[in-house]
Amino acid sequence: MFNEITMTDGTAFKVAAAVYGGAFLFALVVLLMRRAYSRTIMFALLCGGFLIQTLALNLRGAEIKACPLGNPFEIAQFLAWSLVLLFFIIGPAFRLRLLGGFTAGLATILSAGSFIIPSWDRAYPPGIFGGNHWIELHAALAIFSYGFFAILSLVSIMFLIQQHGLKTKQFKGIYRYLPSLQQLDLMAKRLLLTGVIVLTASLAFGAVFWVSNFELVPVYKLTATCLIWLGYLTVFILRIQEKLATRRHAIATIVLFVLAIASLRAVESARESVEPPAQGATIQIER
Amino acid sequence: MSEVLESLFVLGTSHHATPLEVRERFALTQSQAHELQKMLHQHEGIRECLVLNTCNRLEIYGLADCIERVEEIRGLFCDKQNVSEELFNQYAYSHSNLETLQHVLEVSAGLDSQMVGETEILGQLKQAFAAAHDADCTGKVLNRLFEKSFQAAKEARTQTGITRGQVSIGNVVVDLASRIFGKLNGSRVLLLGSGEVSEKTAQALKSRGVGDITVSSRTFENAHKLAHSLGGAAIHFEDFNAQLEHFDIIICSTAAPNTLLHKEVIALTMKQRPERPCFLIDLAMPRDVDPAVEEVENVYLYNLDDLSSIANENLEARKAEIEKVREILNKHAWNLWLQLRRRELMRKV
């Protein structure tokens, strides 16, 4: 089916990034005019970007015959895709005002930012997951859980902005349109719980591979991944015990997300150091 | 060509030029307003009429066979209310023709209101129109005039910022509470003291869904009375400190000479409800809440000055929109004026 599509995956990724960028600019301009943006237009723009990005990921996946998570560029694209997908699930259900604009902003940074360093989209040998579906599922779930953490950090940023507005007695502009503190705090709690569950599941699937391929998983990759998981788990436990709430909880989730993104570098370098022996020629992806 | 609509008029008094004590003398009850409307309609030479009677204005809109009828109406009204014509003429205003159109459009858009841009007047105007219409006191001209004024008001509201932001203390509090708690139906409110502003604030919160209101005052009878009027409960003044953790919104307006709520007390209270924010509104003078309370995590403290400055800034922002609104309304007034003239000409032919 994808053979009939003349657009290359690279072009589709660029168009998707441009549409996300357009959505973010739209939100920014309307907010600078001190008005609330139309949710319908924002939803339509994100929908357009999401569909084009889905097409791009499918084209890339069809080419490498696996989930496209083989280099930093693909990871960033998949993360942006997960983030927008989660917005579609959360946005209409909880009607969090401005979440669309914030999602568009982060999706633009991730999808357009991944083009800045061309070496990120380097070619890699086929069979990156060694034909093991468990490890493919582990990788996809891990990045999907990062999608949860990405949207959680957005909700936390919105919480901090709203709280700053209320503490400093600001009531105009963006403060007027942000959701309430309670709504944001409750949403953050739910997102944290779901993200921790998905990341735990991802690590459980990864453990199946790790047990039988102990030597293929470097210690620093394992340490980085486990530390991030432990970090989120600790924040979650402290939250349940009401020891970490509101502002400190928001700051903790933002810091953890930055660390989680930074840890991807460790995961990547681990992959480089133990790249499985080529089962065929290196795939040169048409961009 | 003679003016075909020369007898479209409005005669009235409003808060702009008439002091409260004089407005009280002109004030009508709803039944008196209906009676006056009926009487005017039966008056020879008055084809259509409508009486708008609110706490800030009393206006008689009409279409008569000649403009001199306005003088007769002045006399009729003064006789009915038992006020001297001299007093009425001192404060009353009247407009005719296009000016009447412009006036009703400005009234319906809230430009002529005490709180610029308020929308309550539109509801009152709609009610007055419905009552006059049901009583067959309005005809084609006034029907058209009021229907168009409602449309114009809606357009002005959506195309400008004339209604943006809250301009009363009560509504500013509701806005802030919504930014903290979202829906207010689950929020618990404690009123400390039974001042008028705090009562109005509590009423504004109640109108937005707050169902749990508790009142505490030095005089338990006063607290009980206010609690009863708000559909809430009263607690003894000595007990409120021990129950602070249960309340999301605390409105203070006591006459106490010293601070009632200290930072240490609030910090201790917040430890018992770490996930629930607390919104403190200090309407008392001297203040009931120690300003250092603001430093406590998850506590939002607003005093009377903070709330007034928000209300005033919103009001200024609304005033900045007046010219934009006038432009929209003038366009509507001219179109309507031409339509009515054409219609009257056709009627005469």
Side-chain angles (χ1 to χ4, degrees), chain A residues 30-36 38 93-99 155-156 158-190 192-193 235-252, chain B residues 158-161 164-167 171-187 208 245 248-249 270-281 291 293-318 320-321:
Chain A
V30 176
L31 284 172
L32 286 174
M33 288 161 72
R34 302 201 160 182
R35 283 166 179 261
S38 153
F94 297 97
R95 299 182 69 82
L96 286 183
R97 284 174 294 183
L98 297 197
L99 186 60
V155 168
S156 296
M158 288 162 80
F159 178 91
L160 291 176
I161 295 173
Q162 181 66 287
Q163 196 189 43
H164 175 262
L166 282 161
K167 278 278 188 192
T168 55
K169 282 140 197 181
Q170 313 256 1
F171 58 97
K172 282 181 179 169
I174 194 170
Y175 305 107
R176 184 196 295 261
Y177 305 113
L178 280 168
S180 71
L181 288 178
Q182 287 261 279
Q183 234 183 328
L184 289 167
D185 197 40
L186 184 68
M187 183 48 60
K189 201 172 168 180
R190 287 172 179 168
L192 180 64
L193 169 68
V235 169
F236 178 68
I237 291 167
L238 288 174
R239 179 70 209 248
I240 294 294
Q241 292 175 339
E242 296 189 346
K243 285 179 182 161
L244 190 72
T246 59
R247 189 165 181 269
R248 283 184 299 156
H249 177 262
I251 292 170
Chain B
T158 51
Q159 290 187 9
T160 69
R164 207 177 292 158
Q166 299 299 344
V167 291
N171 286 336
V172 168
V173 168
V174 169
D175 247 19
L176 289 167
S178 302
R179 272 175 63 189
I180 298 169
F181 302 102
K183 285 180 184 166
L184 298 178
N185 39 10
S187 302
R208 287 285 289 271
E245 64 177 274
D248 304 304
I249 302 169
M270 293 313 287
K271 275 190 182 161
Q272 290 162 308
R273 40 174 297 145
E275 290 203 336
R276 295 276 296 168
C278 182
F279 183 24
L280 286 167
I281 304 141
V293 161
E294 216 165 14
E295 292 160 21
V296 180
E297 179 64 32
N298 226 5
V299 172
Y300 306 93
L301 170 65
Y302 282 73
N303 61 34
L304 200 54
D305 279 3
D306 299 327
L307 299 171
S308 302
S309 90
I310 294 174
N312 287 337
E313 278 193 49
N314 283 340
L315 193 61
E316 286 309 309
R318 283 187 182 190
E321 297 288 295

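By convention in this document, chain letters (A, B, ...) are assigned in the order of the sequence lines, proteins followed by strands, and residues within each chain are numbered from 1. Every value quoted in this text rests on a predicted model; they were computed, and no experiment measured them.
- Put simply, the side chain of Asn312(B) gets close to the backbone of Ser308(B): a donor and an acceptor are under 3.5 Å apart.
- A distance-only check finds no donor-acceptor pair linking the side chain of Arg164(B) to the backbone of Arg318(B) [under 3.5 Å].
- Only the side chain of Lys189(A) comes within contact range of chain B, with at least one heavy atom under 4.5 Å from a heavy atom of that chain.
- Using a 30° and 60° split on the angle between ring planes, Tyr302(B) and Phe279(B) fall in the perpendicular class, above 60°.
- Note that the CD1 atom of Ile174(A) and the CG atom of Leu98(A) stand 5.5 Å from one another [nearest 0.5 Å].
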Check: Is there a salt bridge (Lys or Arg N to Asp or Glu O under 4.0 Å) between Glu275(B) and Arg239(A) once you walk through the steps?
Finding: CA-CA 9 Å; Glu275(B) 290 203 336; Arg239(A) 179 70 209 248; 2.8 Å; yes
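- Ranked by heavy-atom pairs shorter than 4.5 Å toward chain B, the options Glu242(A), Lys167(A), Gln183(A), Arg248(A) are led by Lys167(A).
- For the options Leu176(B), Asp306(B), Ile310(B), Asn314(B), heavy-atom pairs under 4.5 Å to chain A are most numerous at Ile310(B).
- Residue contact with chain B, scored on non-hydrogen atoms closer than 4.5 Å, involves the backbone and the side chain of Gln162(A) alike.
- Taking chain A as the reference chain and counting heavy-atom pairs below 4.5 Å, the highest number among Pro274(B), Ala317(B), Gly161(B), Ala177(B) is found for Pro274(B).
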